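Throughout, protein chains are lettered first and strands after them, A, B, ... in sequence-line order, and every chain is numbered starting at 1. Here the structure is a predicted model, which means the values were calculated and not measured.
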Number of protein chains: 2
Amino acid sequence: MELYFAPLACSLATRIALYEAGAEAEFTRVDTKTKRVADGSDFLAVNAMGQVPVLRTDDGALLTENPAVLQYVADRYPQSGLAPQGGFERYGLQQWLNFITSELHKVVFIPLLDAKAPEGAKAFAREKAGPRLAYLNDYLDGKDYLLDGFTVADAYLVTVLNWAKPSGIELAEFPAIDAYVRRQHQRPSVAKAFAEELDLYKAEQARRAPPILSRRPA
Amino acid sequence: MELYFAPLACSLATRIALYEAGAEAEFTRVDTKTKRVADGSDFLAVNAMGQVPVLRTDDGALLTENPAVLQYVADRYPQSGLAPQGGFERYGLQQWLNFITSELHKVVFIPLLDAKAPEGAKAFAREKAGPRLAYLNDYLDGKDYLLDGFTVADAYLVTVLNWAKPSGIELAEFPAIDAYVRRQHQRPSVAKAFAEELDLYKAEQARRAPPILSRRPA
């Protein structure tokens, strides 16, 4: 398998899943601003939406959209336990994947992370953030994971919540979420994936001006 | 099964799926503004997010989030062909469900349909709409459905695209999408579901002031 990724973008969730599964995979870096692959080729020829993740399977098929890619990896390595293999719990997984992709990733974080988003878009996202994080906090209270054990939904959630600080969202206001994030970061696959991509991200920033993190609130 | 729905909301996709499957189902109306179920009970006790659809299974379990609910219905009635039952095509279905839920439903339509959304949020959504609809238009060119036959992804897509006009988006600018929508509306399950919910929606509007459609551009 080959994963097209950008450092600390939502493709990090798939990296975590691949590490959890012990999968052999090639990681191909994409600059999502210039839409160039690391070898200089045109990323839009791989995904016309210009987004990561894209997964190229061993058969050469291309798959996009995080919840689809994550479920593919989980099912390709069923012994990993990264997704319930059937039963009602599988729909529970899909429910959480969709909450993360729609309510958190797209509604809250996309406008807050985009330096060019109008203030009205950011205000709208901030207004949505509170009830969504409160809902998640209530759910996570007393739980170690979204489902019974670590799944691709946790990989996606911890990836998305990493954007809270640069979005001006203080997770300490949501103690169950805050504790959940700290626990997940102690997990070897999560720690390794974040450490590697943070290094890549910092190197990328050093090459760019103005740095992306200039949008981090003071 | 019991479907909690609001007229012309995204729960309409599940109604279409239930009609396609010939499923026995109870349809329970929700006022998503007052968060009351038709019998006056508190909808937030059913779904703390206050959103439709919610599906109550025959076992009494509750499921939320459209792509999860739609896949549950499709798998409960596999003979309906509403979802590929395995193989890589299943991930293709999930890819399209996620594109619709994240890029169209949440990024484009939520800000444009919300009368209280700041102008900056609407401008941000309008800026995102063009590339996403162009991508979809390119994909649909020469195709009858998103996959090989009618699936729950088509049920969801036709439901979401119904919001284009009140969002100020002119689908005629995207000929393949426009033709796709017209074709889908000729499908008996789609026509029946839309006709029924349009009647309910109009009756709801007549009871309310100011009417929701006042946000429809002149």
Next item on the list: Identify which of A:A125, A:P111, A:A134, A:S102 forms the greatest number of heavy-atom pairs closer than 4.5 Å to chain B.
Entry: A:S102
Check: In terms of heavy-atom pairs under 4.5 Å with chain B, which of A:K106, A:Q51, A:K128 leads?
Finding: A:K106
Margin query: Counting the benzene-type ring for Trp, do A:W96 and A:Y139 have ring centres under 6.0 Å apart?
Written below: yes
Check: Does any donor atom in the side chain of B:E2 or B:T28 lie under 3.5 Å from an acceptor atom in the other side chain?
Finding: yes
Note to self: Ignoring hydrogens and geometry beyond distance, is a side-chain donor-acceptor pair present between A:R56 and A:Y4 at under 3.5 Å?
What the structure shows: yes
Notebook entry, point to check: Which bit of A:Y135 is near chain B, if near means a heavy-atom gap under 4.5 Å: side chain, backbone, both or neither?
Noted result: side chain
Next item on the list: Sort out for me which of A:Y91, A:Y72, A:F99 touches chain B most, counting heavy-atom pairs under 4.5 Å.
Entry: A:Y91
Margin query: Distance alone, cut at 3.5 Å: any donor-acceptor contact between the side chains of B:R90 and A:Q71?
Written below: no
Next item on the list: Quick one: which of A:Q95, A:Q94, A:H105, A:K116 has the most heavy-atom pairs under 4.5 Å with chain B, could you say?
Entry: A:Q95
Margin query: So does A:A117 get a backbone contact from the side chain of B:E127, meaning a donor-acceptor N/O pair under 3.5 Å?
Written below: no
Next item on the list: Answer yes or no: are there more than 12 heavy-atom neighbours, outside B:E24 itself, under 6.0 Å from its atom CD?
Entry: no
Notebook entry, point to check: Do A:V108 and A:L112 come close enough that some side-chain heavy atom pair is under 4.5 Å?
Noted result: yes
Next item on the list: Heavy-atom pairs under 4.5 Å with chain A are the metric here; pick the option from B:T64, B:D59, B:L97 that has the most.
Entry: B:T64
Item checked: Part of A:L62 lying under 4.5 Å from any heavy atom of chain B -> backbone
Next item on the list: Return the option, out of B:P131, B:G120, B:A48, with the maximum number of heavy-atom pairs under 4.5 Å with chain A.
Entry: B:G120
Checklist line | Structural part of B:F88 lying under 4.5 Å from a heavy atom of chain A | finding: side chain
Next item on the list: Name the option with the most non-hydrogen atom pairs under 4.5 Å to chain B; the candidates are A:E119, A:K122, A:M49.
Entry: A:M49
Checklist line | Among the listed options A:L63, A:D75, A:L93, A:T57, the residue most often paired with chain B at heavy-atom distances under 4.5 Å | finding: A:L63
Next item on the list: Would you indicate whether the side-chain heavy atoms of A:L104 and A:R132 approach each other to under 4.5 Å?
Entry: yes
